[in-house]
Amino acid sequence: MTALQKLIARRIAAAGPISLAGYMTDCLMHPVHGYYQKERVFGKDGDFITAPEVSQMFGEMLGLWVADRWTTMGSPSQFHLVELGPGRGTLMADMLRAASKVPGFEAAVQIHFIESSQQLRSLQREKVPFASWHDDLSSLPKGPAIFVANEFFDALPIHQFEKRDGLWFERCVGAESDRLAFTLAQPGAQFGLTPEHLRTAPNGSILEVCPAALTYCTCIAEHIALHSGAALIIDYGYAKSAPGDTLQALKNHRYCDPFEEPGAADLTAHVAFDRLADVASGFTVTASPIAEQGQFLMALGLGMRAQQLAAETDEAGQACILSELKRLTAPDEMGSLFKVLALQHKSMSPIPGFS
Ligand code: SAH
């Protein structure tokens, strides 16, 4: 039994089952035992590899996208580049290297990181020492801003609801003789966030909602509408919401039981991209179509960048670049499962990468 498992079991014994969102928050964010406080989360010797850790080309493409949007915004002399969930800081370092080739960009950019983990903040500080750190978007200064989030939204806590005998219940976390397990309870207020057309799903169906994702997306859209700017959200998930249980626990590159070792495994869920686009539509903001990562990166010129890098290296290096390209874009790797949604102020010209 992990220390966190004991704490959660004790809390459930004292006050009853907790929501899945509460459980995920404890597992990922607990200040001592939470998953993101672990030493090695990403990379080959961690639990999973993200696109920026696969290849520098990912960040370079995103950096050029950011520089292009900054130019379209009229190249403001100061603007905020905000990354949500920056992990090891690799993506920001790669984006800045590419975007700084655009005259005036480096002098204008002010870096902000939204990061809850102190452990990761110190890694990020090594790569991007001149950034400012925030717990959430509430402390972000006013002014034009470009937001980037890669594999951030999938880490936000979800609620799940299950239909039994024609009625919806909330899947909460309870304890059975010291083992944590799902238990059904009356649905909480968050059930109101489930899309109405999905509530007619058959018995046994599971619906998911992520209030934190909707809140973050609303705050981003509000900021863009008020101060101008753009956002790029990349994650794995649905282009169109559907019933299904997408909660997954990952440890050492393997799926495991989400209740097995709370705090030791990464917990994530699919992002409902259509819901994010919906909440943004209430503002003076244009949402892009929802693209697949492979198509998006190729439309931005990833193929050409790979060729350029390959021309500068030997045969072994070329094989490596080819395998990175495939990993990022092939439909059976990250190319199709990962989706991209962009938002920008309504006044701006068409969003690159979605043709
Ligand atoms: N974007 C990085 C890392 C993705 S992992 C990459 O692509 O490699 C998720 C990141 O989001 C981690 O940095 C984690 O600490 C952070 N994070 C997760 N939930 C968060 C929350 N609610 N608030 C702030 N940061 C969070």
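In each ligand, atom 1 is the first atom listed, and ligand 1 is the first ligand listed. Index from 1, following the sequence. As a basis for the values below, the full set of heavy atoms in this structure was taken, side chains included, without hydrogen atoms, waters or symmetry mates.
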For ligand 1, is there an N or O atom under 3.5 Å from any N or O atom of [X]?
{"X": "Gln124", "result": "no"}
{"X": "Asp135", "result": "no"}
{"X": "Pro52", "result": "no"}

Could you tell me which atoms of ligand 1, counted from 1 in the order shown, lie closer than 4.0 angstrom to a heavy atom of [X]?
{"X": "Leu156", "result": "22 (N)"}
{"X": "Gly87", "result": "2 (C), 3 (C), 13 (O)"}
{"X": "Thr50", "result": "6 (C), 7 (O), 8 (O)"}

Using heavy atoms and a 4.0 Å limit, tell me yes or no: is Leu120 in contact with ligand 1?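 Heavy atoms of Leu120 do come under 4.0 Å of ligand 1.
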Determine whether the aromatic ring centres of [X] and [Y] lie less than 6.0 Å apart.
{"X": "Tyr236", "Y": "His270", "answer": "yes"}
{"X": "Phe147", "Y": "His223", "answer": "yes"}
{"X": "Phe338", "Y": "Phe296", "answer": "no"}
{"X": "Phe161", "Y": "Phe169", "answer": "no"}

Please write down residue, atom name and distance for the protein heavy atom closest to [atom].
{"atom": "atom 14 (C) of ligand 1", "result": "Glu115 OE2, 3.5 Å"}
{"atom": "atom 24 (C) of ligand 1", "result": "Ser116 N, 3.4 Å"}
{"atom": "atom 19 (N) of ligand 1", "result": "Met29 CE, 3.3 Å"}
{"atom": "atom 5 (S) of ligand 1", "result": "Phe42 CE2, 3.4 Å"}
{"atom": "atom 11 (O) of ligand 1", "result": "Gly85 CA, 3.1 Å"}
{"atom": "atom 4 (C) of ligand 1", "result": "Glu151 O, 3.3 Å"}

For Ile233, run the side-chain contact (heavy atoms from CB on, under 4.5 Å) check against Val340, Leu276, Asn150 and tell me which one passes.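 So the option named by the test is Leu276.
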Side chain, backbone, both or neither: the part of [X] lying under 4.0 Å from ligand 1 by heavy atom:
{"X": "Arg88", "answer": "neither"}
{"X": "Asn150", "answer": "both"}
{"X": "Thr90", "answer": "neither"}

Would you say the side-chain atoms of Asp154 pair up with the backbone N or O of Val271, donor to acceptor, closer than 3.5 Å?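 No, because the side chain of Asp154 does not come within donor-acceptor range (under 3.5 Å) of the backbone of Val271.
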Using a 3.5 Å distance criterion without hydrogens, assess whether the side chain of Ser117 forms a donor-acceptor pair with backbone atoms of Tyr36.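 Yes: the side chain of Ser117 pairs with the backbone of Tyr36.
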Tell me whether the rings of Phe191 and Trp168 are parallel (<30°), tilted (30 to 60°) or perpendicular (>60°).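 Rings of Phe191 and Trp168: tilted, 30 to 60°.
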Should we say atom NZ of Lys326 is surrounded by more than 12 heavy atoms from elsewhere, each under 6.0 Å from it?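 Atom NZ in Lys326 is not crowded, with 12 or fewer foreign heavy atoms closer than 6.0 Å.
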Gln160: which of Glu208, Gln190, Glu170 passes side-chain hydrogen bond (donor to acceptor under 3.5 Å, both in side chains):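 Result for side-chain hydrogen bond (donor to acceptor under 3.5 Å, both in side chains) with Gln160: Glu208.
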